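By convention in this document, chain letters (A, B, ...) are assigned in the order of the sequence lines, proteins followed by strands, and residues within each chain are numbered from 1. These numbers come from a predicted model, not from an experiment.
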Amino acid sequence: MPYEPKLIEEKWQRAWADAKVAEVDVAAPGDKFYMLNMFPYPSGDLHVGHGRNYILGDALYRYLRMQGRAALNPMGWDAFGLPAENAAIKRGIHPRQWTLSNIEREKKQFLRWGILYDWSKELASCEPEYYRWNQWLFLKLYERGLAYRAKAPVNWCPSDQTVLANEQVIDGRCERCSTIVVQRDLEQWFLKITDYADRLDDGLDTLEHWPEKVKLMQRNWIGRSVGADVEFAVPSLAKSIRIFTTRPDTIYGATFMVLAPEHPDVATLIADNPDRAAIEQWIAGVRNQSNLERQEAGKEGRFTGKTATNPFTNEEIPIWLGNFVLMQYGTGAIMAVPGHDQRDFEFAKQYGLPIRIVVRPSSGDVPNAEEAFSAKDDSATAINSGIISGLTTPKAIERIIGEIERMGIGKKMVRYRLRDWLISRQRYWGTPIPMIYCETYCTSSGIVPVPEEQLPVELPLDVPFTGREGNPLAKDERFVNTTCPRCHGPARRETDTMDTFVDSSWYYARFISANDGTKIFDSALANRWLPVDQYIGGIEHAILHLLYARFICRTLHDMGLLNYEEPFTRLFNQGMITKEGYRDAEHGTWVAIADVERVDGKPVHKTTGRALIAETSKMSKSHFNVVPPDELIERFGADTERVYTLFIAPPEKEAEWSDDAVNGAHRFLGRVWNMGEQVQGRKQKAEGRSGELVRKTHQTIDAVTRRFDRFEFNTAISGLMELSNAIGDALNSGDADSGALRDSYTTLLQLLHPFAPHITEELWSMFGNEGLILTSSWPKADPALMIEDVVTIVVQVNGKLRGQVEVPNPPEKEVVLAAIRANTKVQQWISGKEVVKEVYVPGKLVNIVVKG
RNA sequence: GCGAAAGUGGCGGAAUUGGUAGACGCGCAGGUCUCAGAAGCCUGUGGUCAUUAGACCAUGGGGGUUCGAUUCCCCCCUUUCGCACCA
């Protein structure tokens, strides 16, 4: 019978589903292993690039099962978000309907791939059963002072009438309509992640099994800087301005001060300046610029007309305003040390401000006219710096901070680049923020939280989607108008919804109690099953999602709901799948494959004849380079796609999809299939000649197991190909008896099962085995059976390969050297020469060093 | 600009601690089966020279350490990714 995946794959998918093999009773005892693929946004069609993530997770899941672990592998849907709303506007489908039908489609795709999830714990963040706990979490954060409302400059799209997240701003424009994004001051809800900056930074050190790259990205994002706050007196106004610096040791070189144009003291400073009107106009111009425009404008500044006193040199230094100083970082004011900061240097050059050298690099080189010496050089020394002259940089910093604190003008300070998390979205398809504004102001702010027992604040479903006028929620009077829970007077509901990153910051815990309508999750169970032992997902979530999840996990810890601070013990980031696509050589627009033809071997557009260039990039609809799994599965089967996907490259690396190379994986499975019948048909004994096959089998068990543990799926599969080749050789040569062949072959099936689950279940049952191969035990390698009878010792002369000798295992030095003396080829290379040295690496090689 | 990772055949990629470079697969070539093709199956396949035996060269480039370097150290080049006026 030929290998026809179509005839067997559905059958086993049904068998696994009927047996509910992946369902886990979280209350039952067992050697738990919680693995999790990042839950996807249900966008509709999945392609083979998406498949990589889930296929490798499923391979791991099946391996763990066979190892006897109580493996939990749940799946859900990150179901709120912008595309659903856009679909509603464009095509008149309700976001909920659009989302649910996408979920249905994607779920079918998972089934077709043969992926096993515990669907009894399925969740979707757009359902009230889920988002009511999102709201509950928000209330708890509010109670603890971790959720607050404040006016803040935000990205505002004037066309879509909404706030945009930073990641929705592409090159200064709205990702949806390409309108230039402007900064606007709006009242928004924030979560106080900055309170946890230190703990989030410190926690990274405990994450041994996270990729260094991700930890580094998070560290940079948090941007912890140790320095000092220092007050500079402004004598003419009888006040002082506070600056933050990481290099207080250069304070003797501070020859001017620069404030952000938004700095609150600016108005006072320029109040009596004759050029006040012009300066104010300049400030207004800067404030109106987008961040992008502001940076592209280059460094610009204005003199306020006032001076501050450098507390160490006692000089009066001018106070400037500068577009390169950010109000959101530090105190919005800096002491400028143009001798040792490149930015200050450029500004000083531009406006003719004095530059003073106060640090000598350890190399002794004096700074040149082109740049400031700002490198981190721990052995540089302070010069022209009064009390700290002669001290190395670290010592000088310590000393000067001591002096600043003694003088009472400042103190050591740690600051972060990280900002508080803005979670308000003027969008419909998200979790309503459970807050009420009392119109009679029964509280001082008028803000009253929705009482817990009134949750969930449900998203009304029958709202019109017209597109251009902002959030439909704000227009729904039935939703907006309510009564104050405190004073029962008239009140209005908050109409902003939450950033969907809130939904995904705690879902991993909800899976444990997915169907519990009484609480967010059961703490005892969560503490047993969490943290997640293995988290799998894309590198694109290296910062935001993972940082938010680590933050929320800590707040849940502080509420006493969880007894650990890090949600994910091990993290794995799979690489992207890429494929060649075509774009117009001139305009760069992507062209559908159907419109490409080759003329003289060069790609051109079929109808316009324009020249095209081939370019390999991330698989995506807009690049017209997606490979849909359906056709592939129809032709080769899901097992082939799975094996190819994992064989293509190491899983963490980017990999280019090749339609040709898929054949190789299919051929391999075809050979395994055909061998099954041959192995079964083989009856005779070939006595005592099975050693080699047995050895290869146990070596393969050992190698594949080790490679699995290290996520080296590509080499695990190549090892299985080697074993299958060895079985094929044994069949052809008749060198192994039927028992050894059977053992070796069924071992191959078990080792192959995590990669190719359907074909291996089929062959396993064909061999008359009881039960599923999935629930069989992972083979164990017997080290005694792995040992070779004979080992090959490599002989080098002066480090060059000159021959090899075979000796019985374990090799003895005397025997090896005797064999080498008997080897004429090797002797030719050393005869007549003086042997200086013989290096013997036991069991591996001999290197003979000769002279002359 | 700062930071990180990576450069190995025509291609994807292998190579425990420094110890036979190129496993496994794709592609290609030859053969076999077939009326023919497809699919199988078998053999070969880094480069140069040589009829062969074999020799030399070869892991981005250049140096170094070592009996021995894809692997360790220094310099340079290229590519990819992240951050980007964060004081």
- [ ] Begin with the C-alpha distance, continue with both residues' side-chain angles, and end with the deciding distance and a verdict on salt bridge (charged side-chain N to carboxylate O under 4.0 Å, His left out) for A:E212 and A:K215.
- [x] CA-CA 5 Å; A:E212 287 303 320; A:K215 285 190 276 185; 3.2 Å; yes
Open item on the list: So, taking the atom named CZ in A:F256 and the one named CZ in A:F347, what distance separates them when rounded to the nearest 0.5 Å?
Closed with: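 Going from the CZ atom of A:F256 to the CZ atom of A:F347 covers 6.0 Å.
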TODO: Measure the CD1-CZ distance between A:I355 and A:F345 for me, rounded to the nearest 0.5 Å.
DONE: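 That separation rounds to 5.0 Å.
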Heavy atoms from other residues, nucleotides or ligands near [atom1] of [X] exceed 12 (cutoff 6.0 Å):
X: A:R707; atom1: CZ; result: yes
X: A:R219; atom1: CZ; result: yes
X: A:K299; atom1: NZ; result: yes

Open item on the list: When you measure only distances, ignoring hydrogens and angles, does the side chain of A:K213 come within 3.5 Å of the base of B:C81 through a donor and an acceptor?
Closed with: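 No, no donor-acceptor pair under 3.5 Å.
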Tell me: [atom1] of [X] to [atom2] of [N], nearest whole Å?
X: A:R224; N: B:A87; atom1: CZ; atom2: P; value: 13 Å
X: A:M413; N: B:A87; atom1: CE; atom2: P; value: 13 Å
X: A:D660; N: B:C26; atom1: CG; atom2: P; value: 10 Å
X: A:Q342; N: B:A84; atom1: CD; atom2: C1'; value: 15 Å
X: A:M327; N: B:C85; atom1: CE; atom2: P; value: 17 Å
X: A:K412; N: B:A87; atom1: NZ; atom2: C1'; value: 18 Å
X: A:L321; N: B:C85; atom1: CG; atom2: P; value: 19 Å
X: A:L646; N: B:G25; atom1: CG; atom2: C1'; value: 14 Å

Categorize [X] for me: base, sugar-phosphate, or nothing, with a 4.0 angstrom heavy-atom threshold over every strand shown.
X: A:G330; value: nothing
X: A:V325; value: base
X: A:V839; value: base
X: A:T245; value: sugar-phosphate
X: A:L326; value: base

In terms of side-chain heavy atoms of [X], which of [options] is nearest?
X: A:W829; options: B:A55, B:G19, B:A87; answer: B:A55
X: A:E722; options: B:C24, B:C42, B:U20; answer: B:C24
X: A:R667; options: B:A87, B:C41, B:U20; answer: B:C41
X: A:N732; options: B:U20, B:C42, B:G82; answer: B:C42

[N] and [M]: how far apart are their [atom1] atoms, nearest whole angstrom?
N: B:G60; M: B:U78; atom1: P; result: 16 Å
N: B:U48; M: B:G31; atom1: P; result: 23 Å
N: B:G64; M: B:A15; atom1: P; result: 30 Å
N: B:U20; M: B:A87; atom1: P; result: 48 Å
N: B:A6; M: B:C72; atom1: P; result: 10 Å
N: B:G13; M: B:C81; atom1: P; result: 16 Å
N: B:U71; M: B:U8; atom1: P; result: 13 Å
N: B:U59; M: B:A69; atom1: C1'; result: 11 Å

TODO: Let me see the working for A:Y644 and A:L632 under side-chain contact (heavy atoms from CB on, under 4.5 Å), right down to the final yes or no.
DONE: CA-CA 11 Å; A:Y644 174 67; A:L632 194 75; over 6 Å; no
Task: Sugar-phosphate or base contact per nucleotide [nucleotides 7-17 of chain B; S, B, -; heavy atom under 4.0 Å] - done: -----BSS-BB
Open item on the list: Give the dot-bracket line for RNA chain B from 5' end to 3' end: parentheses for intra-strand Watson-Crick or G-U pairs under 3.5 Å, square brackets for crossings, | for inter-strand pairing, dots for unpaired.
Closed with: (((((((..(((......[....)))((((((.......))))))((((....))))..(((((..]....))))))))))))....
Open item on the list: With side-chain contact (heavy atoms from CB on, under 4.5 Å) as the criterion, how do A:L56 and A:F572 come out once you've worked through the C-alpha distance, each side chain's angles and the decisive distance to 0.1 Å?
Closed with: CA-CA 11 Å; A:L56 87 82; A:F572 182 82; 4.0 Å; yes
Do the side-chain N or O atoms of [X] get closer than 4.0 angstrom to the phosphate oxygens (OP1, OP2) of [N]?
X: A:N725; N: B:G25; value: yes
X: A:R417; N: B:C2; value: no
X: A:T792; N: B:U20; value: no
X: A:R671; N: B:C41; value: yes

Open item on the list: Between A:W210 and A:Q218, is there a side-chain donor-acceptor contact under 3.5 Å, judged purely by atom types and distance?
Closed with: no
Open item on the list: Taking side-chain hydrogen bond (donor to acceptor under 3.5 Å, both in side chains) as the criterion, tell me which of A:E656, A:H623, A:E580, A:K579 meets it with A:S617.
Closed with: A:H623
- [ ] Between A:K800 and A:Q328, name the one whose nearest nucleotide on RNA chain B is closer to the 5' end.
- [x] A:K800
- [ ] For A:N220 and for A:Q796, locate the closest nucleotide of RNA chain B by heavy-atom distance; then report the residue assigned to the nucleotide nearer the 5' terminus.
- [x] A:N220
Open item on the list: As a test of the definition: with a 90° window around 0 for syn, would you call B:G9 syn or anti?
Closed with: syn
- [ ] Establish, yes or no, whether a centroid distance under 6.0 Å links the rings of A:F713 and A:F711.
- [x] yes
Task: Worked check of side chain to side chain donor-acceptor pair (under 3.5 Å) between A:D198 and A:Y416 - done: CA-CA 9 Å; A:D198 244 333; A:Y416 304 90; 2.9 Å; yes
